[in-house]
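Indexing begins at 1, ligand by ligand and atom by atom, following the structure's order.
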Amino acid sequence: MSKLPDTTMTSPMLEYAFFEGRIVPFSEAKVSIGTHALQYGTGAFAGIRGYLDQDGETINIFRLPDHTTRLLNSGKLLRCDLPFDRDSLAQVIVDLVEKNAPQSDIYIRPFIYKANVQLTPRLKGMHDELSVYMMSIGDYLDTRGVKASVSSWSRLPDHAIPGRGKITGSYINAALAKDEAEEKGVDEAILLDQHGHVAEGSACNLFLVRDGVLITAPITGDILEGITRRTILMFAKDLGIPTQEREIDRSELYLAEEAFFCGTGVQVAPIASIDGRPVGNGHVPGPISKQIGEVFFNTVRGKDPRYAHLLTPVRRKVAAPAD
Ligand code: PMP
């Protein structure tokens with residue numbers, strides 16, 4: 001299973017962060033313990049990957065404008081008032097990548113939040129801020145496949161906390177499901193929605209293959225509107241693989257020929273078993289997951305010119321030669 005780095009061990013944090021309007025050392029980007037977002041979860045975040053290009057000099061940020069758009073949409077749900085649009089927010093991120101001049105793949109974490117020290121859990125009339133930090137990250141994909149299990153925790157319904165945005169407070173739902181999965185000895189949870197339909201993983205979307213059709217839950221199914229999910233639907237269309245966005249029953253998990261998780265963190269992660277039952281013939285990745293995974297990894301590494309438009313290249317600045 002692809003994992004984000006455990007930052008309690010060694011800090012892969014890059015040197016600079018964007019904090020309250022300017023670039024500062026990461027160690028100086030600090031908020032008060034009374035911060036509204038810390039107390040009530042009134043923030044939203046993005047998780048974006050930057051991949052080192054084959055040239056060793058360029059970081060290719062994957063679908064940056066899509067991530068900044070979704071972050072601003074999450075901010076809209078939280079009634080945030082920020083002086084950024086899709087492009088100016090993307091520029092803040094590009095400037096910070098340039099400043100940090102990473103030598104390896106990175107994970108970028110922009111965060112918008114209610115910054116007041118204020119006791120009432122409310123959204124309107126608060127002071128909103130933006131911060132961005134980034135860390136180096138490796139490619140932890142386990143090709144043996146992920147073990148998954150259906151969680152006893154349900155995915156939050158849209159009418160409780162909207163899950164289509166990446167709202168900080170809602171991640172307690174993901175954390176409860178993830179812990180339960182790990183206690184059971186598997187890698188990842190599959191959450192069902194309030195009606196018992198399959199929604200997604202704890203921090204990733206889910207695809208199944210049945211009768212050669214690639215199936216995923218609809219965006220009205222209490223899932224995060226995943227950017228990798230949307231990308232995979234596009235790849236499948238281009239590869240001539242039929243797709244369906246529809247409600248998925250739990251029992252279909254046990255009948256699928258193939259299944260995989262996808263997301264910025266997990267990338268494309270084939271699932272080997274669900275609730276102890278092998279997926280398909282138990283050999284991963286299956287043919288469709290393999291095809292999708294290949295297009296995905298070629299794209300993010302800048303090796304597929306058809307999808308070059310999905311990357312924002314940031315070149316490391318070369319110091320001007322002295323006269
Ligand atoms: N669902 C949840 C709950 C997530 O946190 C993530 C990770 N952002 C995903 C799905 C996958 O979304 P994306 O492909 O945009 O990273």
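- Heavy atoms of other residues, nucleotides or ligands lying less than 6.0 angstrom from CG of Asp85 number more than 12.
- Of the protein's non-hydrogen atoms, Tyr171 OH, 2.5 Å is the one closest to atom 5 (O) of ligand 1.
- By the rule that hydrophobic residues join a cluster once side-chain heavy atoms approach within less than 4.5 Å of another member, Leu89 and Phe111 end up as members of separate clusters.
- At least one heavy atom of Cys204 sits closer than 4.0 Å to an atom of ligand 1.
- Of the listed options Ile223, Leu224, Thr228, Leu224 places a heavy atom closest to atom 12 (O) of ligand 1.
- Ion pair Asp304/Arg306 flagged as a salt bridge, since at least one NZ, NE, NH1 or NH2 atom sits closer than 4.0 Å to an Asp/Glu carboxylate oxygen.
- Classification of Arg230 and Glu225 as a salt-bridged pair fails, no side-chain N sitting under 4.0 Å from a carboxylate O.
- The ligand atoms of ligand 1 that sit less than 4.0 angstrom from a heavy atom of Gly263 are 11 (C), 14 (O), 16 (O).
- What you find for Ile219 and Arg164 is that their closest heavy atoms are O-NH2, 2.8 Å.
- Atom 7 (C) of ligand 1 has its nearest heavy-atom neighbour, among Glu200, Gln267, Arg230, Lys166, in Lys166.
- Counting atoms of ligand 1 from 1 in the listed order, those under 4.0 Å from a heavy atom of Thr264 are 13 (P), 14 (O), 16 (O).
- In this structure, Glu20 does not pair ionically with Lys30, as no charged nitrogen and carboxylate oxygen lie closer than 4.0 Å.
- The closest approach between Ser202 and ligand 1 falls below 4.0 Å for a heavy atom of the residue.
- Contacts between Ala174 and ligand 1, counted as non-hydrogen atom pairs separated by less than 4.0 Å, are absent for every part of the residue.
- The two residues Leu77 and Pro162 have their closest heavy-atom pair at CD1-CB, 4.0 Å.
- Nearest protein heavy-atom neighbour of atom 6 (C) of ligand 1: Ala203 O, 3.2 Å.
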